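The structure under discussion appears below in the form of structure tokens.
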Amino acid sequence: MIDLRTLRENPDVLRHSQRMRGEDDSVVDALLDLDERRRGALSRFESLRAEQKSIGKSVSRASGEERDALLGRAKELAGQVKAAEGEAEELGRKLDELLYTVPNIVEDGVPPGGEDDYVVLEHVGTPREFDFEPRDHLTLGEMLGAIDMERGAKVSGARFFFLTGVGARLQLGLLNMAMQQAIEAGFVPMIPPVLVKPEAMAGTGFLGAHAAEVYNLPGEDLFLVGTSEVPMAAYHADEILDLGGLPRRYAGWSSCFRREAGSYGKDTRGIIRVHQFDKVEMFSYCRLEDAREEHQRLLAWEKEMLAKIDVPYRVIDTAAGDLGSSAARKFDCEAWVPTQGRYRELTSTSNCTDFQSRRLNVRTRGEDGKTRPVATLNGTLATTRWIVAILENHQQADGSVVVPEALRPYVGLDVLRPIA
RNA sequence: GGUGGAGUCGCCUAGUGGCCGAGGGCGCACGCCUCGAAAGCGUGUGAAGGGCAACCUUCCGUGGGUUCAAAUCCCACCUCCACCGCCA
């Protein structure tokens, strides 16, 4: 959520940001207009209410005719107060409604443009030359008895799967390795609820433009989270965090649920794009002025994880138009997928500045004693999709897959071999 | 799912219509005392918004209602606790 005070003082910042995202900048004027009208109504209500209170007090002291006169005036005021309050509330509702549609202000330095206008920041590792025809991850997964899409579809429908045998072991090992790295880096490990209230979903910015992506349980008024970012951001909702305790870092392990509405036909083979997967996610609360630096740290921890699975990847700086509504900046790490001949997202780290914390009311107290919103950031440490990169990049001609060295203690196997 | 009880300023608690945005204790901050500390004493100590100074308004689980006036009365809902039922 945008800060109204900042908007009043410097509306061009939001106008520029909206244009960077390729979105409507006239929302700025609509906001300013509503804000001014609401403040007017509020101030009318406040002076009426003040008068009503003071008359109310004199009623209790007065008697006889004087009391009757005061009562008359008080009754009159009661109606006016109610009307003025209603008007202020109505305008406040409209303002909030509009405010909730406005995405975060884009950070300086973000490349302009849309999905394809990202800037590649670096390449790490080199795609391997195969002296045989590499198999795709699903073929390998089936040969290894690791992935069962057919039964996934039988039981749950398209884009569902079973991880079986070494597939299940691979995922458990990978996610455990991620948790272990996070713990060693000082993160608090966390297993959050994956069903959340509407406030948590809206607070993190997932009920806006991408509401169609979210599963909900209408009878329960609960939503299935698409990432543990949601419960971890809402974890400290309505709290004032100790300044000395920042940054607070959490590593959440959860299943993630996505409807993948509108992606019909995309990535229909294998486990690249599925309705349910598991993820270890970093989440950090820090001071606003430290957020850029913290963002770089999260990116560094992602790279540390990627190094452990030893796959070639690149880091991209996502263009403004492709940022989520809560992100001010986003870096993705994309691994090389040999059979697709391209890079696919394995991690994504976003700096959400004070966008989520304003909605969720997560604050800290500054040196001046005043409360102010914190920054929230998130980043991926491992997901089910990583299995794709591991299988494809480390496959051998016979269909076996060499487990990356760092991962071996967690998986308990050096090589995954095709089953008979 | 049923019945009973409860939700007040970080924590505990007082408060049954106007003198309550709200008293007390704990905690915390500052000061005095002390060589220093503890104890003791004194002062201060919720949040949001508006003017940004005095000050004003809102918030006593949430939402509605009654009233000139609601923490206080009425209704609905939510949450927590206890017991019962049902079921992992």
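Since the model is a prediction, treat every value here as computed from it, not as a measurement. Below, chains carry the letters A, B, ... as their sequence lines are ordered, and counting in each starts from 1.
For the pair A/Arg385 and A/Phe277, the NZ or CZ position fails the cation-pi test of under 6.0 Å to the six-membered ring centre and within 45 degrees of the ring normal.
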Which pairs, protein N/O on one side and nucleotides 7-11 of chain B N/O on the other, fall under 3.5 Å?
none

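For the C1' atoms, the distance linking B/U72 with B/G50 amounts to 29 Å, nearest Å. Going from the P atom of B/C11 to that of B/G5 covers 25 Å, rounded to whole Å. On the C1' atoms, B/C80 is 27 Å away from B/C20, given to the nearest whole Å. Spacing of P atoms, B/G24 relative to B/G51, comes out at 33 Å, to the nearest Å. B/C60 and B/A48 are spaced 15 Å apart, taking the C1' atom of each and rounding to whole Å. Comparing B/C55 with B/G61, their P atoms sit 28 Å apart, to the nearest whole Å. Taking atom P in both B/C77 and B/G1, the straight-line distance is 12 Å, to the nearest Å. Rounded to whole Å, the P atom of B/A47 lies 13 Å from the corresponding atom of B/C9.
Between A/Gln52 and B/C68 there is no side-chain N or O to OP1 or OP2 distance below 4.0 Å.
Nearest-nucleotide positions on RNA chain B for A/Phe45 and A/Lys197 put A/Phe45 closer to the 5' end.
Base pairing analysis places B/A14 opposite nothing; no Watson-Crick or G-U wobble pair with both distances below 3.5 Å involves it. When both distances must be under 3.5 Å, the Watson-Crick or G-U wobble mate of B/C60 does not exist. Across all strands shown, B/G36 remains unpaired; no Watson-Crick or G-U wobble contact has both distances below 3.5 Å. Pair check for B/G44 finds B/C28; Watson-Crick or G-U wobble, both atom distances under 3.5 Å. Figure legend. B/G4 is base-paired to B/C81; pairs are counted as Watson-Crick or G-U wobble with both atom distances under 3.5 Å. In this structure, B/A53 forms no base pair with any nucleotide, since neither Watson-Crick nor G-U wobble geometry is met with both distances under 3.5 Å. Within the shown strands, nothing qualifies as a pairing partner of B/A88 under the Watson-Crick or G-U definition with both distances less than 3.5 Å. Look at B/U67: it lacks any Watson-Crick or wobble partner with both distances under 3.5 angstrom.
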Next on the checklist: Let's go through A/Arg49 and A/Glu85 carefully: what are the C-alpha distance in whole Å and the side-chain angles of both, what is the deciding distance for salt bridge (Lys or Arg N to Asp or Glu O under 4.0 Å) to 0.1 Å, and is it a yes or a no?
Outcome noted: CA-CA 9 Å; A/Arg49 175 73 177 146; A/Glu85 185 177 25; over 6 Å; no
Which atom pairs, one a donor and one an acceptor, fall under 3.5 Å between side chains of residues 189-208 of chain A and the rest of the protein, sequence neighbours left out?
from	atom 1	to	atom 2	distance (Å)
A/Thr204	OG1	A/Ala200	O	2.8
A/Thr204	OG1	A/Met201	O	3.0

Please output the side-chain donor-acceptor pairs of residues 222-232 of chain A that fall under 3.5 Å, not counting sequence neighbours, one pair per line with the distance.
from	atom 1	to	atom 2	distance (Å)
A/Thr227	OG1	A/Glu229	N	3.0
A/Thr227	OG1	A/Lys279	NZ	3.0
A/Glu229	OE2	A/Gln356	NE2	2.8
A/Glu229	OE2	A/Asn378	ND2	3.3

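Between the side chains of A/Arg269 and A/Thr139, a donor-acceptor pair is found at a separation under 3.5 Å.
Taking the six-membered ring where the residue is Trp, A/His275 and A/Phe160 present tilted rings, their angle falling between 30° and 60°.
Residues passing the salt bridge (Lys or Arg N to Asp or Glu O under 4.0 Å) test with A/Lys303 are A/Glu122, sequence neighbours excluded. For A/Tyr118, the ring-ring contact (aromatic ring centres under 6.0 Å, His included) criterion is met by no residue, not counting sequence neighbours.
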Checklist entry - What one-letter contact string describes nucleotides 43-53 of chain B from 5' to 3', where B marks a base within less than 4.0 Å of any protein heavy atom, S marks contact via sugar-phosphate atoms alone, and - marks no contact? => result ----SSBSSB-
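The separation between A/Glu85 atom CD and B/G63 atom P is 11 Å, rounded to whole Å. What separates NZ of A/Lys82 from P of B/A69 is a distance of 7 Å, to the nearest Å.
Across every non-hydrogen atom of A/Glu142 and A/Ile147, the tightest pair is CG-O, 3.7 Å.
Exactly one residue among A/Thr318, A/Asp108, A/Asn104, A/Asp317 makes a side-chain hydrogen bond (donor to acceptor under 3.5 Å, both in side chains) with A/Arg329. That residue is A/Asp317.
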